Amino acid sequence: MTGPRDRMAWAALADEVAAELARDVAERHRARTPPLAQIALLKRSGLATMVLPEEFGGGGAPWPVVVAVARELAAVDGSVGTLFGYHSMNLIHQDIGAGPRRAARLAEIGRDRLWAAGVANPRDDDVRITPAADGGFRVNGRKSFCTGAAFAERLSVWGRRTDTGETVTAWLRADAPGLSCDRDWDALGLAGADSSGFTMEDVPVAEAEVLPDRREGDRDFAAAVRVPVNQLMFANLYLGFALGAFRAGRDYVRQSTRAWPASGHARAADDPLVISQFGEIWTGLQAALALADRAAEKVDRLLAARPVLDIQLRGDAAIDVATLKVFSARLSLDVATKIYDAMGARATHNRHAFDRFWRDARTHTLHDPLVYKVLEVGDYALNGRYPPPDGYS
């Protein structure tokens with residue numbers, strides 16, 4: 001069962017899954033419950049393979065549709081939305097850049113409904129992939145911030161060949177000998193997403209599963225589109241956190257917030273000062289959603305040109321995505337904070353777990369420094385210069 005094919009049907013399915021996630025999200029958040037059942041739900045629903053081409057058993061959904069689904073999942077459960085986002089990013093990059101192994105990898109994922117993740121933090125350049133006497137390779141080293149890899153069945157491990165210095169990706173089974181999760185994720189947010197580090201000690205990998213993986217300084221299509229694709233997902237996760245905080249706050253004010261005595265109203269929802277607060281939040285959200293649609297359309301056009309890399313189109317997409325990321329990151333933190341002003345003191349009770357929206361936003365918006373995204377946008381606005389493709393731009 002691959003799921004529906006058109007945008008509205010995917011959105012309806014995402015709403016169904018989100019409603020299921022909402023049933024116990026506060027309890028799971030407080031208990032820091034590993035999201036194994038929620039990953040299984042994503043697999044059963046067809047969302048986990050929606051980005052895979054139909055020929056490999058997937059839904060063939062365009063990237064803008066996938067990020068919109070991630071946004072809706074993140075609005076309910078930030079950790080599950082983030083896991084879905086990273087898994088989907090891994091699959092689209094396998095589709096774009098896996099070269100001669102593309103069909104075999106995608107067919108296996110589609111057939112067996114495998115969960116995939118990356119061990120690929122570009123800041124950690126200490127993974128070494130060494131030719132072995134048996135004709136394969138051995139992988140050694142460590143990577144931090146491996147989001148979702150603790151739950152994956154297949155891992156993309158980025159490192160360098162010791163014989164050539166070439167950057168490559170090794171495709172590993174999660175149960176490969178010598179591969180271990182460090183279980184060191186203890187952040188203030190996104191507890192369920194588990195961004196623990198991974199350690200590799202002489203992990204064997206076949207020669208066919210080690211492929212070139214260029215990430216900067218060239219005109220390779222797969223390398224150039226990686227950052228706009230990934231950062232569009234990140235920005236939509238931030239929008240999801242903001243939407244989730246807004247919706248939770250709206251429902252709480254309607255149902256539970258007591259009117260302030262000086263307001264002259266029986267219901268807090270009729271207080272003009274409370275209404276004004278929601279008007280401010282709504283205005284920001286609508287602006288962000290419009291910008292998200294524009295950025296998604298640019299990235300969609302960039303991907304549609306595959307395998308031809310249009311430098312101007314890549315630059316336009318990168319700037320729109322960077323602009324969206326700056327705006328959505330700030331908005332998510334702002335909304336998740338201001339919503340308490342409208343809800344009132346009782347909303348701080350831990351049983352509601354409303355703090356999860358700010359915690360998740362604060363954690364992931366530090367993925368890469370926002371000030372450098374502002375710098376990219378500013379250099380384009382002032383000097384007309386596009387950011388050069390690298391691991392984060």
Side-chain angles (χ1 to χ4, degrees), residues 8 11 14-15 18-19 21-22 25-26 29 64 67-78 81 189 232 234-297 320-349 351-365 370 373-374 377:
M8 291 183 63
D15 287 344
L21 295 175
V25 63
H29 169 78
V67 298
V69 167
R71 186 169 69 211
E72 289 304 312
L73 298 179
V76 174
D77 188 320
L232 180 66
F234 296 163
N236 275 274
L237 292 175
Y238 306 159
L239 273 180
F241 304 152
L243 284 167
F246 166 78
R247 292 168 183 169
R250 178 193 59 197
D251 294 345
Y252 186 88
V253 168
R254 286 174 175 174
Q255 298 164 10
S256 302
T257 299
R258 298 187 297 178
W260 192 247
S263 72
H265 291 273
R267 297 173 65 245
D270 293 325
D271 183 343
L273 295 179
V274 175
I275 292 172
S276 178
Q277 288 173 312
F278 277 88
E280 293 286 353
I281 293 172
W282 178 266
T283 300
L285 285 171
Q286 298 314 300
L289 289 168
L291 182 54
D293 286 344
R294 192 178 81 174
E297 190 249 337
D320 269 16
V321 170
T323 305
L324 171 64
K325 177 161 185 201
V326 171
F327 192 72
S328 63
R330 291 173 173 171
L331 183 72
S332 65
L333 294 166
D334 191 44
V335 173
T337 301
K338 286 184 175 178
I339 205 66
Y340 279 99
D341 295 332
M343 292 189 296
R346 292 170 183 252
T348 62
H349 198 289
R351 69 176 178 273
H352 302 301
F354 293 143
D355 61 315
R356 71 185 189 273
F357 301 111
W358 183 89
R359 288 175 176 275
D360 292 346
R362 182 65 285 175
T363 299
H364 203 289
T365 53
L370 208 62
K373 285 293 174 216
V374 175
V377 174

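Note that the structure is predicted; figures quoted are calculated from it, not measured.
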For residues 256-275, the side chain to side chain donor-acceptor pair (under 3.5 Å) pairs (sequence neighbours left out) are Arg267-Asp270

Return the minimal non-hydrogen interatomic distance between Ala295 and Leu324, and the atom names on each side.
-> CB-CD2, 4.1 Å

If you measure from CD1 on Ile339 to CZ on Phe354, what distance do you get to the nearest 0.5 Å?
-> 9.0 Å

Which pair of heavy atoms, one from Ala18 and one from Val76, lies closest together, and at what distance?
-> O-CG1, 3.6 Å

Taking all non-hydrogen atoms of both residues into account, name the closest pair between Gly81 and Leu237 and its distance.
-> O-CD2, 3.5 Å

Identify the heavy atoms of Leu239 and Ala288 that sit nearest to each other, and give their distance.
-> CD2-CB, 3.3 Å

Working to the nearest 0.5 Å, report the span between CG of Asp15 and CD of Glu72.
-> 6.0 Å

Among pairs that include at least one residue of residues 320-342, which meet side chain to side chain donor-acceptor pair (under 3.5 Å), considering only residues two or more places apart or in two chains?
-> Gln231-Lys325, Arg294-Asp320, Lys298-Asp320, Lys325-Asp368, Asp334-Lys338

Partners passing side chain to side chain contact (heavy atoms under 4.5 Å, CB included) against Val67 (at least two apart in sequence or in another chain) | Trp63, Leu232, Met233, Asn236

On a heavy-atom basis, the closest approach of Ala322 and Lys373 is CB-CD, 3.9 Å

Other residues, nucleotides, ligands: >12 heavy atoms within 6.0 Å of Glu280 CD = no

Nearest heavy-atom approach of Ala268 to Val274 is O-CB, 3.5 Å

With distance as the sole test, does Tyr238 use its side chain to make a donor-acceptor pair with the main-chain N or O of His364 at under 3.5 Å?
-> yes

Just jot down the side chain to side chain donor-acceptor pair (under 3.5 Å) partners of Arg346, sequence neighbours excluded, or say none.
-> none

Starting from the C-alpha separation in whole Å, work towards a yes-or-no answer on side-chain contact (heavy atoms from CB on, under 4.5 Å) for Asp77 and His29.
-> CA-CA 9 Å; Asp77 188 320; His29 169 78; over 6 Å; no

Partners passing side chain to side chain contact (heavy atoms under 4.5 Å, CB included) against Gln255 (at least two apart in sequence or in another chain) = Asp251

Side-chain donor or acceptor of Thr363 paired with backbone N/O of Arg359 under 3.5 Å = yes

For Arg250, check side chain to side chain contact (heavy atoms under 4.5 Å, CB included) against everything at least two apart and list the hits.
-> Phe246, Arg247, Arg254, Phe278

